[in-house]
Amino acid sequence: MLCQHCKKKPASVNYYEVVDGNKFECHLCSFCYAGLYGELNDKLNHGKWANLFGVDGCPVCGATYADYERTGLLGCAGCYDVFHEKLIPVIRGIQGKTEHVGKVGKNADNFGLRIQLKNLQEKLEDALREKNFREADRLNRQINAIKKSLHGGGNG
């Protein structure tokens, strides 16, 4: 079972408690447990345990999801883990995706040309290794045309 906080490492601390007929369980890796909660037997931590599941808020900074809805800001990096399931639909609605794909900017065309240039240069090397000079000549002309458009008419 994975840690319920970081969702990456195996849970090594498993805590179960029944309070007023409600079963409460928590599974944490030793790193998250030590960083967030300290000693399990500390009765003052019961409020923090509930926070782990998003009942009251982030166990790291105390921010609640209602705070995020009101301000549009999260309190800390831990909020991303705590409110993950609620944030994913919001992020998808705003960004269209939930994966970071990077920023291309003004040089998007150049970036694509540079990738194409690299691929053609690799094919040229293969053609020369195989002594396929006709293919090498064709690839070389394509490479020169791309270099010309990238460098404004220069040879590169």
dist Glu25:CD -> Met1:CE (nearest 0.5 Å) comes out at 6.5 Å
With Lys9, which residues qualify under side chain to side chain contact (heavy atoms under 4.5 Å, CB included), at least two apart? Cys6, Cys29, Phe31
For the residue pair Asp81 and His5, what are the closest heavy atoms and their distance? CB-O, 3.6 Å
Residue list, side chain to side chain contact (heavy atoms under 4.5 Å, CB included) with Ile88, at least two apart or on another chain: His84, Arg92, Thr98
Side chains of Lys8 and Leu2: closer than 4.5 Å at any heavy-atom pair? no
Any chance you could lay out the side-chain contact (heavy atoms from CB on, under 4.5 Å) test for Ile115 and Lys118, step after step, and finish with the verdict? CA-CA 5 Å; Ile115 291 173; Lys118 183 179 179 223; 5.8 Å; no
Quick check: do Tyr68 and Leu73 have side-chain heavy atoms less than 4.5 Å from each other? no
Check Cys79 against Leu87 and note the closest heavy-atom contact, atom names and distance. O-CD1, 4.2 Å
Can you run down the side-chain hydrogen bond (donor to acceptor under 3.5 Å, both in side chains) pairs that involve residues 119-129, sequence neighbours left out, and say none if there aren't any? Asp126-Arg129
Can you tell if the side chain of Gln4 reaches within under 4.5 Å of the side chain of Cys26, non-hydrogen atoms only? yes
Does a side-chain heavy-atom distance below 4.5 Å link Leu120 with Asn140? no
According to side-chain hydrogen bond (donor to acceptor under 3.5 Å, both in side chains), who are the partners of Asp137, at least two apart in sequence or on a separate chain? Arg141
What's the separation between atom CZ in Phe83 and atom CG in Leu74, rounded to the nearest 0.5 Å? 7.5 Å
Once salt bridge (charged side-chain N to carboxylate O under 4.0 Å, His left out) is applied, what residue pairs with a partner in residues 64-75 remain, sequence neighbours excluded? Asp67-Arg70
